[in-house]
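This report refers to the structure that appears directly beneath it.
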Protein chains: 2
Amino acid sequence: MNEIEKFKEKLKDKGYKLTTQRRVILDVITENRDKHLSSEEIYDLVRLKYPEIGLATVYRTLQLFEELGIVYKLNFDDGRNRYELYHNENHQHHHLICLKCGAVIEMEGDLLENLEEAIEETKDFEIIDHNVKFFGYCSKCRSRYN
Amino acid sequence: MNEIEKFKEKLKDKGYKLTTQRRVILDVITENRDKHLSSEEIYDLVRLKYPEIGLATVYRTLQLFEELGIVYKLNFDDGRNRYELYHNENHQHHHLICLKCGAVIEMEGDLLENLEEAIEETKDFEIIDHNVKFFGYCSKCRSRYN
DNA sequence: TTGACAATTGAAAATGAATATCATAAACTA
DNA sequence: TAGTTTATGATATTCATTTTCAATTGTCAA
């Protein structure tokens, strides 16, 4: 079963239909798996392939994809939702955001074990997900010629 | 030098004036140092003491206070800015957000040393600040009668 | 104390991202 | 293929926040 078939199954399971729009949106996200596109950016890319699409459809679809676990919603504090393709390592990587140039760097690995352990124990809090961002200066912006 | 005097100094240093509005907003934030009030909530509390104040003034003042390091802006992914009084331990505590009841629990202590070390070394990224949130279920919501 | 001048304010309009509405247009299924 | 949903696009709406601008208020120098 190929990717599209799997996708179709995932939709049908919940009673959703496979439409051209949804397929194109998935394509755009898949082709940009290294990026962290905002809804508006996705809209612009989708329109190149399917100019008739409406903005509302893109927003609706991204919401749907998030519910279905197809994408993961990110928040970089820039006032817009961003998305990346869902993969199991989503919960095991963090984002480093450069305060100067805005670059977003991925930090693989979780390394939160001791912190999460401390929380579960001392606070009796069951952790489902976490959101960790680091703000600072990337190597490019740290060099004196930038 | 008392608190208000220090505050006045801080403003004057940057050429800002001490107005009644700013003083009242500071009072409200100080009196709620354990909370994480949103702009709108602060506006409502301020109006009890100073009904003539405008909403824009509250937004402007919160922005200013953030620049001056008087408050710290929080983002709990609920679509509004929240603020807490700035203290050095801001960077050394995290927020646990209950997915069921919305409670926000403070987790004192940082415990990110090993993670930050790994980032600075492997990514050549100079960390200035971090933002760590945990989502899950608080002890109250975990009990079977809730 | 008083100007004078810059900073500040309040009210209202504007913005921008996201959501809701609703009539029309596809998908899936019997 | 018809019939029943679900989905879509255009548009209006919401909500938090920001901007605008004329009027007001601090502050500092004289």
Side-chain angles (χ1 to χ4, degrees), chain A residues 4-5 7-28 36-68 70-71 73-83, chain B residues 4-5 7-28 36-68 70-71 73-83:
Chain A
I4 295 293
E5 285 302 314
F7 173 55
K8 203 169 169 177
E9 282 297 308
K10 217 168 202 170
L11 287 172
K12 202 157 54 180
D13 273 6
K14 299 267 172 68
Y16 298 116
K17 295 173 181 171
L18 176 59
T19 63
T20 317
Q21 289 88 336
R22 287 177 179 163
R23 193 186 288 224
V24 173
I25 292 170
L26 181 70
D27 286 347
V28 163
H36 312 90
L37 299 175
S38 67
S39 314
E40 205 79 31
E41 286 166 346
I42 291 169
Y43 175 55
D44 289 340
L45 290 172
V46 167
R47 259 192 311 179
L48 297 177
K49 298 170 181 251
Y50 196 105
E52 320 88 284
I53 203 165
L55 176 59
T57 301
V58 174
Y59 275 97
R60 275 187 295 240
T61 303
L62 290 172
Q63 258 188 201
L64 177 66
F65 282 7
E66 204 209 345
E67 282 166 39
L68 296 177
I70 293 168
V71 299
K73 184 158 76 177
L74 304 168
N75 181 344
F76 290 168
D77 286 307
D78 59 353
R80 59 194 64 192
N81 289 339
R82 296 186 169 276
Y83 297 89
Chain B
I4 297 292
E5 285 303 313
F7 174 53
K8 203 169 167 177
E9 282 297 308
K10 216 167 203 169
L11 287 173
K12 203 157 55 180
D13 274 6
K14 299 266 172 69
Y16 298 117
K17 295 172 182 172
L18 175 60
T19 62
T20 315
Q21 288 89 336
R22 287 178 179 163
R23 194 185 287 223
V24 173
I25 293 170
L26 181 69
D27 286 346
V28 163
H36 312 90
L37 300 175
S38 68
S39 314
E40 205 80 31
E41 286 166 346
I42 291 170
Y43 174 55
D44 289 340
L45 290 172
V46 167
R47 258 193 310 179
L48 298 177
K49 298 171 183 252
Y50 195 106
E52 320 88 285
I53 203 166
L55 177 59
T57 301
V58 174
Y59 275 97
R60 276 187 292 237
T61 303
L62 290 171
Q63 259 188 198
L64 177 65
F65 282 7
E66 204 209 346
E67 281 167 41
L68 296 178
I70 293 168
V71 299
K73 184 157 76 176
L74 305 168
N75 181 343
F76 289 168
D77 285 307
D78 59 354
R80 59 195 62 194
N81 289 338
R82 296 185 171 275
Y83 297 89

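Values in this document were obtained by computation on a predicted structure and should not be read as measured data. In the text below, chain A, chain B and the rest are named by the order of the sequence lines, each starting its count at 1. Quick note: numbers below take in every heavy atom, side chains included, and nothing from hydrogens, waters or symmetry partners.
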Problem - B:Y59 side chain near D:dT18 phosphate (N/O to OP1/OP2, under 4.0 Å) - result: no
Problem - B:L55 CG - C:dA13 P separation (whole Å) - result: 15 Å
Completion exercise
When rounded to whole Å, the CD1 to P distance for the pair B:I42 and D:dT17 reads 10 Å
Practice task
Could you list by number each residue of residues 16-24 of chain A showing a heavy-atom separation from DNA chain C of less than 4.0 Å, or answer none if no residue does?
Solution key: A:K17, A:L18, A:T20
Problem - Presence of A:S39 side-chain N/O under 4.0 Å of C:dA17 phosphate oxygens OP1/OP2 - result: no
Exercise for the section: Rounded to the nearest angstrom, tell me the gap between atom CG in A:L11 and atom P in D:dA7. Expected result: 9 Å
Handout entry: Residue-phosphate contact under 4.0 Å: A:Q63 side-chain N/O, C:dT19 OP1/OP2
Key = yes
Exercise for the section: Taking only the side-chain nitrogens and oxygens of A:T57, find out if one of them lies under 4.0 Å from OP1 or OP2 of D:dG9. Expected result: yes
Exercise for the section: Please round to the nearest 0.5 Å and tell me the distance separating atom CZ of B:R82 and atom CG of B:L37. Expected result: 7.5 Å
Problem - Whole-Å distance separating the NZ atom of A:K14 from the P atom of D:dT6 - result: 15 Å
Exercise for the section: Please work out if A:S38 contacts a base, only the sugar-phosphate, or nothing of the nucleic acid, heavy-atom cut-off 4.0 Å. Expected result: nothing
Problem - Contacts of A:D13 that satisfy side-chain contact (heavy atoms from CB on, under 4.5 Å) - sequence neighbours left out - result: A:E9
Handout entry: Check: B:Y16 ring centroid to B:F7 ring centroid under 6.0 Å
Key = no
Exercise for the section: Give B:Y50 one of three labels, base, sugar-phosphate or nothing, depending on what nucleic acid heavy atoms sit under 4.0 Å from its own. Expected result: sugar-phosphate
Handout entry: Working for side-chain contact (heavy atoms from CB on, under 4.5 Å), residues B:L62 and B:I42
Key = CA-CA 9 Å; B:L62 290 171; B:I42 291 170; 3.8 Å; yes
Practice task
Provide, to the nearest angstrom, the distance between the CZ atom belonging to A:R47 and the P atom belonging to D:dT8.
Solution key: 17 Å
Handout entry: Whichever of B:R60 and B:R80 has its nearest DNA chain D nucleotide further upstream toward 5'
Key = B:R80
Problem - Separation of A:K73 NZ from A:H36 NE2 (nearest 0.5 Å) - result: 16.0 Å
Which pairs would a plain distance check flag for residues 18-28 of chain A, meaning a side-chain donor or acceptor within less than 3.5 Å of a matching protein atom at least two apart in sequence or in another chain?
from  : atom 1 : to    : atom 2 : distance (Å)
A:T19 : OG1    : A:R22 : N      : 3.2
A:Q21 : NE2    : A:Y50 : OH     : 3.4
A:R22 : NH1    : A:K17 : O      : 2.6

Problem - Value in whole Å for how far the C1' atom of D:dT18 lies from CG of A:D78 - result: 17 Å
Exercise for the section: Give one of base, sugar-phosphate or nothing for B:E52, where a contact means two heavy atoms less than 4.0 Å apart. Expected result: sugar-phosphate
Handout entry: Whole-Å gap separating P (D:dA16) and OH (B:Y83)
Key = 13 Å
Completion exercise
When rounded to whole Å, the CG to P distance for the pair A:D44 and C:dG16 reads 14 Å
Handout entry: Rounded distance [0.5 Å steps], CD in B:E41 versus OH in B:Y83
Key = 12.5 Å
Problem - Nearest heavy atoms of B:R80 and B:S38, plus distance in Å - result: CD-CB, 3.7 Å
Exercise for the section: Please state whether the phosphate of D:dT17, meaning OP1 or OP2, lies under 4.0 angstrom from any side-chain nitrogen or oxygen of B:N81. Expected result: yes
Exercise for the section: Remember a base hit wins even if backbone is also touched, and classify B:I53 as base, sugar-phosphate or nothing at under 4.0 Å, heavy atoms. Expected result: sugar-phosphate
